[in-house]
Each structure stands twice: as C-alpha cells, then as structure tokens.
Enquirer: 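Here it is, the structure, as structure tokens.
Note: hydrogens, waters and symmetry copies are ignored here, and every other heavy atom, side chains too, is used.
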Amino acid sequence: MLQLNYIRENKDEVLKRLSIKHFKDGESVITKIIELDNHRRNSQKEGDNNKAEANALAKQIGELMKSGKKEEAEKLKLVTVELKQKEKQFDEKLKNIETEIHQLLVQVPNLPSEKVPAGKTPEDNEVVLKNGNKPNLATGSVPHWDLTTKYNLIDFELGVKIAGPGFPVYKGKGARLQRALINYFLDKAIAAGYNEVQPPILVNESSAYATGQLPDKEGQMYHTPVDDLYLIPTAEVPITNIYRDVILKENDLPIKNCGYTPCFRREAGSYGKDVRGLNRLHQFDKIEIVQIAHPEKSYEILEQMKDYVVGILKELELPFRVLKLCGGDLSFASALTYDLEVWSAAQQRWLEVSSVSNFETFQTNRLKCRFKDTDGKMQLAHSLNGSALALPRIVASLLENNQTPEGIKIPKVLIPYTGFEIIN
RNA sequence: GGAGAAAUGGCAGAGUGGUCUAUUGCGGCAGUCUUGAAAACUGUUGAGGGUCAAACCUCCGGGGGUUCGAAUCCCUCUUUCUCCGCCA
C-alpha cells in the first residue's frame, strides 16, 4: 500500500509512474484519495477541538466535585450533553472517510521503480542475461510427463485419486530428487548468509493482508472456513509477516531469512499443454529467500539476490535467461522484478522458476515494519523476496534436458544429495 | 475439550471512577567526573494523527457499552498461564 503522505505531496510523480504500470483510472482514484484526505484532516480538526473542550469540562467537573461544589458541577454536566452528541457525529464521519480512503488505497498498485522498462505485455520484458546452450536432444526424446512415467518418478493419476488434479505423487527416485533439491537449495541459502526458518503454512487474514494477497486475490488461495485460515501460496507470506508490527534497529538491517515450504495455489480455469505435467500445480515445493533492507540499500540487495539465483542455475547446468519485467507485466505489489526462466528442451519453451522482487515500502507499510534511523526518525524498511527455487519446473527442465538413451543424468552438484548419478 | 487466573510503554511491575497529561526499577541515550573505561551522579527515553513549530487528539490485548469523566465498572472476542482430560 502506498503511503498517503507520499501521494498527497507527489501527485504528479505518482500519476506518471502509475501510467507505466498501466493502472487504469489512476487519475480519478488518486484525485479522489487526495480530496478525501483533505476532508479527513478537516474533520479530525473539528472533532479534536470538540474533544478537547469536553475533556477540559470533565476535568473542571472533577475538581468541583472534589471541592464539594455540587450544584456548579451539575450545571456543567448539562453543557457536556451537546458536546457528547457532536462527538459521536464527528467520530462516525471520520471513520467513514477513513474507510473510504482505505478502500481506494488498497486498489492502487505499487509504483514501478525508474529502472522498469516501459511496455505492456510479456513480449516487452527486457532480457538482461542469457546463459548456457540449449541442448540438442537425441531423436526419440520426450517431454517430462512421459519421462516421469517411463522411469516411475511421478504418478499424476494417483494424485488425482487421492486429492485431485495438480497434486502429484512423487515416488522412488522422483521423491528422492525432490528431497535432494530442497536440501541443496537450503544449504546454498545458508551458505549465502540466510537464516533458515520453518514457518506455519497456514496463515490468518492479517498476514495475508499484510503481504498483499488480500483483499485482492482471495480466489488464488485455499481457505479453511471453519478456522478462517489460508494455505500459503508462497513462504513469502509467513516469513515476511515475522516482521509485522516490529520496530527494528538500523544496524539489524539487512535481515536475511530463507525457508522451505509447500505452496498451494488454486489457479482455477486453465487447461492444456501449458499446465500439463509439472508446468503448473496446486501444490508444489519452494525455497524462498526474504530480506528486510535499508531503503538506501534495497536495489543493491535486489541485484545480489538475482545474482544469487543465477549462480544456482549455473551450478545446475541449466540454460536460462533473466528478464527484467516491464511495467505492464509487473505484479501489483512490486517496484522491480526479475524473472528467471529455464529452457525446457523437449517442450521447446521457457519456464519461469524464480521471481525476485523489491517491494520497497509497499508491504512494510501494511506490515508496519519500521526502523529508527541515525536521526532518531522512524522509517519504513524495504522488503524483498525471491524464489530460490521453485522445484517442479526445475525438475521438468532437468529431466528433459538431461535425458539420454541410457537414462537421465543428474547434475554433478546434486549427486551428493541424491546419492545416485543417473535415473534409468 | 473442561475448570480457574491473567493481558499495562524495550523488559519487569504499580495503578480498582476525577492533577494517570500512567508511579517505580532495569535497560537504552546524553552529560559530569576520568588518560580511557567501569562505578557514581544528573538529565533524557513509546507509537500514530495534526501543526511551519506548537497547542491539541488517539492508543493500557481487539471490539462494543455505562459515565460529565474509564487502565480502573459491564458485555464480547482473542491470546497466554495453571490444573484436568485426550494425543503425535
């Protein structure tokens, strides 16, 4: 959520940057917010003065009662009746205005950073790095959903029986490969200075609100109505919420956490080859890296996080590219995002395996995650996160790219974790 | 799941209707003393709104109520603790 003060003082700048994000109705929403904010301040002033008057009278009455002047006290009581009625009206009016402002404010997306390329569609994203060669597969090579059946690694049908489509059952070397990847990703993150946490994978409404999933994206999350909890779509939600309502010290920053969790996404309504096999699932595993950063350092840190994920993809020997998302493709809460995509040789397409974003103060404003700077002033910290990495598409690419007539070769770096060199 | 107790500023802990504009201690910060540090002493020390700055307003777990006036009384929700039951 944008800061009201910032909008008020930088209207033109806000509108200019919202237009890069292709936020429709920007002009009218922002104008309305500023107008309501003026009302808010006027109403509050009126209400506060009224309250000040009532407070002073109550104090006077108290003093009169104490010194035994009962009749005078009773007279003053009559005066307070009118003030009290007014107070109720002022409070109600203020509350209504504040609610209205809030409802508008949560609809406004984050402002894109100056580095965000203009553009509207995924085609306008800027390729900032390409690495590795696309393999030339032997004839007879097949997509991963055939390989997982051939080598008995994943049973999609069994998952349908137990839960439904999008809930695969990993078996044998398929399950062991999952576990190997999780451990490898966590060990890498720890070595890079991240603190490992195991958060809850169900969260309450306040948490989902603070990281921006609510009120907008209810439909994307599984919800348990009896207890009113949400299954997390990403570990970003619980890990970032560790810092909800927290005041940090300036030299605590940056704070680096990582965590492995299953992730749950409803993603209703798509079918076909885009979602076939491991391409899109309702439940999948992901290791997430999250940082709470000093505002002056957050973009430097975003580069480090992106480079960190690049390093892992290189070690896994997967061909990949890095995209800087254009304004139109940027998510609601993000100021700048890098997407990392691996090449899936048998499908002949790029698969997104990581998204690394700087949210600046968009999340921390809702989280109320602040720090006291050297001048003793409160400032909102910046929050960042990235996948490092999401498993299913890594597995898809790994299986497809490394298939040979003899079997699927495991990348060197993973062998200590899998305990086997080939799937055959 | 049943019974009881509790929730106050970074922490500890007073406060049961009217200077609470929240006592005190610890911790933090600044100063004095010191070559420096410790100790001691002195001062200072929550958040949000509002203002050029002030004044002023709100916040004692959340929400609602009683009252001229609520940390204090009432209702309700949440959380924590103790005991019992169940259980990985």
Enquirer: For B/A47 and A/Lys372 - does any side-chain N or O of the residue sit under 4.0 Å from the phosphate oxygens OP1/OP2?
Expert: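 Yes, A/Lys372 has a side-chain N/O under 4.0 Å of OP1/OP2 on B/A47.
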
Enquirer: Would you please name every residue forming a side chain to side chain contact (heavy atoms under 4.5 Å, CB included) with A/Lys150, sequence neighbours left out?
Expert: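 Result, side chain to side chain contact (heavy atoms under 4.5 Å, CB included) vs A/Lys150: none returned.
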
Enquirer: Heavy atoms under 4.0 Å, any strand shown: does A/Lys377 hit a base, just sugar-phosphate, or nothing?
Expert: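 Touches nothing.
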
Enquirer: Does the separation of the ring centres of A/Phe264 and A/Tyr230 fall below 6.0 angstrom?
Expert: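 No, ring centres 6.0 Å or more apart.
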
Enquirer: List, with names and distances, any nitrogen or oxygen atoms from the protein found under 3.5 Å away from nitrogen or oxygen atoms belonging to nucleotides 51-54 of chain B.
Expert:
{"unit_1": "B/U51", "atom_1": "OP1", "unit_2": "A/Arg41", "atom_2": "NH1", "d": "3.4"}

Enquirer: Please identify each residue that fulfils side chain to side chain contact (heavy atoms under 4.5 Å, CB included) with A/Asp124, with sequence neighbours left out.
Expert: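 By the side chain to side chain contact (heavy atoms under 4.5 Å, CB included) rule, A/Asp124 matches A/Lys120, A/Thr121, A/Cys326.
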
Enquirer: Below the 4.0 Å mark, does B/A47 have OP1 or OP2 next to a side-chain nitrogen or oxygen of A/Arg370?
Expert: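 Checking A/Arg370 against B/A47: no side-chain N or O falls below 4.0 Å of OP1 or OP2.
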
Enquirer: Show the distances under 3.5 angstrom between N or O atoms of the protein and N or O atoms of nucleotides 67-75 of chain B.
Expert:
{"unit_1": "B/C68", "atom_1": "O4'", "unit_2": "A/Thr80", "atom_2": "OG1", "d": "3.3"}

Enquirer: Between protein and nucleic acid, restricted to nucleotides 8-10 of chain B and to nitrogen or oxygen atoms under 3.5 Å apart, what atom pairs and distances do you find?
Expert:
none

Enquirer: Tell me whether the side-chain N/O atoms of A/Lys51 come closer than 4.0 Å to OP1 or OP2 in B/G49.
Expert: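 No.
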
Enquirer: Using a heavy-atom cut-off of under 4.0 Å over every strand shown, decide if A/Lys249 touches base, sugar-phosphate, or nothing.
Expert: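 Result for A/Lys249 = nothing.
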
Enquirer: Please state whether the phosphate of B/C57, meaning OP1 or OP2, lies under 4.0 angstrom from any side-chain nitrogen or oxygen of A/Asn49.
Expert: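 No, outside the criterion.
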
Enquirer: B/C87 and B/A5: how far apart are their C1' atoms, nearest whole angstrom?
Expert: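 So the two C1' atoms sit 25 Å from each other.
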
Enquirer: Are side-chain heavy atoms of A/Ile301 and A/Pro254 found at a separation under 4.5 Å?
Expert: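 The answer is yes; the side chains approach within 4.5 Å.
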
Enquirer: With 3.5 Å as the limit, what N/O pairs link the protein to nucleotides 86-88 of chain B?
Expert:
none

